[in-house]
Amino acid sequence: MTTKTAQVAIVGGGLIGTWTAFFLAKRGWDVILIEKGVVGAQSSGVNFGNLRLQGRYPGQYPLSLRSQAIWEEIEELIGDRCEFERTGHLYVAMNEAEQEKLEQHARVAEGHGLVIERIGRDELRRRWPWLGEGLQAATYSARDATANPRLVSVAVARAAQRLGAEIVEHTRVTEVRRNRIGFTVETDTGLVVDCTAVVNSAGAWALAIAEAFGETAPMFAAGPPQFVTEPIPYQVVPSVQAVDGSVIFRQIPRGNVIFAGYPRTAADPVLNRAPVPPIKTLSGMRNLVRIAPFLKWAQVIRVWSGIEGYLPDMLPVIGESETTPGLFHAFGFCGHGFQVGPGVGAVLADLIVDGITDTPIAPFSINRFRNAVQVSDKLAHEFDAPAAPGSRAG
């Protein structure tokens with residue numbers, strides 16, 4: 001058995017955990033991050049890579065905008081650009097009802113200072129001639145961006161290490177309990193960490209820690225089906241998303257087109273599997289060709305998904321435990337954690353070091369699950385029935 005001490009132990013080495021380690025180490029705090037596998041191997045490393053500002057939950061905009069500002073300085077902060085590019089984001093509508101939804105999203109975003117451009121049918125075809133003729137309208141945000149999820153968590157972890165954080169991989173946390181100075185964290189490798197604060201950023205596996213301290217949330221695991229095509233001539237600069245979520249795609253400069261779309265599929269956090277049924281690739285390609293007909297003959301060369309934690313209101317849990325001072329939760333990001341990850345890390349560092357943050361996070365408290373939570377209408381069309389057990393009730 002090896003016993004170490006630290007001011008903060010972070011459980012989970014995805015984007016949330018690594019950014020939290022980075023910002024705490026940057027402020028001079030002694031941090032140990034413990035990851036059951038390798039850093040960035042779960043949803044943080046296999047997601048679509050979109051840094052979308054349009055269409056967010058209204059109460060998330062302060063956090064999202066703080067996060068985007070960090071993304072825009074990523075190379076200066078960590079010494080690696082991680083293929084960050086301000087590509088812009090094109091939200092497209094096929095009919096009047098979808099166009100009204102776009103307008104609602106645009107008004108909310110503009111209320112938080114984001115510049116949104118409204119584009120009609122003819123202008124769409126003139127500026128992006130590869131789009132299908134069935135599109136009625138779109139909104140465009142030039143500030144939206146993309147980055148490579150395979151690179152980011154690892155690069156942030158390296159930057160945290162340079163600042164003094166310790167990163168421990170292939171080590172599963174088996175118990176977190178209170179002691180007289182704060183917490184004892186035990187692992188399956190014999191490593192024991194005594195610390196004054198714990199960050200629970202264990203993704204789809206985070207409930208075990210929360211429930212050990214008398215808290216819970218109705219989280220379930222799922223994953224978005226994704227695929228990538230062979231390289232084809234580069235012409236799609238912005239990320240493109242259908243407002244109904246059936247199509248989200250972007251093309252990287254190497255020529256490959258990356259696709260994601262709904263409905264999400266079931267994932268198994270016990271067996272650590274997120275298989276993509278072949279029918280989802282076929283239906284995804286059909287949906288994609290509606291938006292971008294030039295991809296009709298593109299060959300799909302790889303298919304994957306990831307294990308993500310989802311909550312019925314499609315909002316994450318962020319903040320200090322309601323039962324246990326010094327325990328901080330950050331999980332259940334419902335597929336949105338890549339964009340907000342840096343901001344969440346900065347907020348958690350604020351809370352741990354200063355005891356307060358200027359970024360509003362009240363809507364994300366774990367205590368909202370003490371009572372019935374409003375179920376998001378997104379669950380009706382963004383998930384297969386087995387992916388969200390019981391989610392349609394209420």
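Since this is a predicted model, take the numbers as computed values, not measurements.
Each of Leu51, Thr146, Asp144 was checked for a side chain to side chain contact (heavy atoms under 4.5 Å, CB included) with Thr87, and the lone residue meeting it is Thr146. The ring pair (Phe, Tyr, Trp, His ring centres under 6.0 Å) with Phe338 is formed by just one residue from the set Trp71, Phe333, Phe84; it is Trp71. The one candidate from Arg52, Arg86, Gln339 that meets the side chain to side chain donor-acceptor pair (under 3.5 Å) condition with Gln68 is Gln339. Of the candidates Val192, Leu191, Thr189, Val192 is the only one forming a side chain to side chain contact (heavy atoms under 4.5 Å, CB included) with Met1.
Neither Ile10 nor Leu163 shares a network with the other; the hydrophobic side chains, linked directly or stepwise wherever heavy atoms of I, L, V, M, F, W or Y lie under 4.5 Å apart, form separate groups for each. No path of Ile, Leu, Val, Met, Phe, Trp and Tyr side chains, each step under 4.5 Å between heavy atoms, connects Leu114 with Leu102, placing them in separate hydrophobic clusters. Under a hydrophobic clustering in which Ile, Leu, Val, Met, Phe, Trp and Tyr are joined whenever their side-chain heavy atoms come within less than 4.5 Å, directly or via other members, Val11 and Ile352 fall into different clusters.
Counting only N and O atoms by type, the side chains of Thr139 and Arg118 include no donor and acceptor under 3.5 Å apart. A donor and an acceptor atom, one from each side chain of Ser305 and Gln226, are nowhere located under 3.5 Å apart. Side chains of Glu230 and Gln299: no donor on one and acceptor on the other come within 3.5 Å. Between Thr216 and Glu211, the side chains place a donor N or O and an acceptor N or O closer than 3.5 Å (distance only, hydrogens not considered). Side-chain contact check for His105 and Gln54: no donor-acceptor pair (N or O, by modelled atom type) lies under 3.5 Å. Side-chain N/O atoms of Asp30 and Gln7 include no donor and acceptor closer than 3.5 Å. For Asn256 and Thr229, the side-chain atoms include no donor-acceptor pair closer than 3.5 Å. Side-chain polar atoms of His329 and Glu215 form a donor-acceptor pair below 3.5 angstrom.
Closest approach of Gly343 and Ser67 over heavy atoms only: N-OG, 3.1 Å. Between Ala145 and Asn50, the closest heavy-atom pair is O-OD1, 3.6 Å. Among all heavy-atom pairs drawn from Ser153 and Thr18, the shortest one is O-CG2, 3.7 Å. When every heavy atom of Ala204 is checked against every heavy atom of Ile307, the shortest pair comes out as CB-CG2, 3.8 Å. Counting all heavy atoms, side chain and backbone alike, Val168 lies closest to Thr171 at CG1-OG1, 3.4 Å.
Legend: ring-ring contact (aromatic ring centres under 6.0 Å, His included) pairs involving residues 255-276, not counting sequence neighbours, sorted by first then second residue: Phe227-Phe259.
Taking the six-membered ring where the residue is Trp, Trp19 and Phe22 present perpendicular rings, their angle passing 60° and hence far from 30°. Aromatic ring orientation, Phe220 versus Tyr310: parallel (interplanar angle below 30°, classes split at 30° and 60°).
With a 6.0 Å cutoff to the six-membered ring centre and a 45° limit on the axis angle, Arg125 does not count as a cation-pi contact of Trp128. Judged by a 6.0 Å distance limit and a 45° cone about the ring axis, Arg250 is positioned over the six-membered ring of Phe48. At least one cation-pi condition fails for Arg177 and Phe183: the charged atom is not both under 6.0 angstrom from the six-membered ring centre and inside a 45 degree cone around its axis.
Residues Asp350 and Arg66 are paired through a salt bridge, judged by an N-O separation under 4.0 Å between the basic side chain and the carboxylate. Using a 4.0 Å cut-off between a side-chain N of Lys or Arg and a carboxylate O of Asp or Glu, Glu35 and Arg172 do not qualify as a salt bridge.
With a 6.0 Å radius and a threshold of 12 heavy atoms from other residues, nucleotides or ligands, Glu76 has its CD atom above the threshold.
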Exercise. Give the intermediate values and the outcome of ring pair (Phe, Tyr, Trp, His ring centres under 6.0 Å) for residues Phe23 and Trp29.
Key: CA-CA 9 Å; Phe23 283 114; Trp29 278 52; over 10 Å; no

* To do: Go through the steps for Asp194 and Thr5 under the test side-chain hydrogen bond (donor to acceptor under 3.5 Å, both in side chains), then give the verdict.
  => CA-CA 5 Å; Asp194 290 325; Thr5 60; over 6 Å; no

Report task. In sequence, state the C-alpha distance, the side-chain angles, and the governing distance for Glu83 and Arg254, and then conclude on salt bridge (charged side-chain N to carboxylate O under 4.0 Å, His left out). Result -> CA-CA 12 Å; Glu83 297 181 11; Arg254 290 184 292 274; 3.7 Å; yes

Between Asn95 and Glu100, does the side chain to side chain contact (heavy atoms under 4.5 Å, CB included) criterion hold? Intermediate values first, please. CA-CA 9 Å; Asn95 53 51; Glu100 175 54 31; over 6 Å; no

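Qualifying ring pair (Phe, Tyr, Trp, His ring centres under 6.0 Å) partners for His112, counting only residues two or more places apart in sequence or in other chains: Tyr61.
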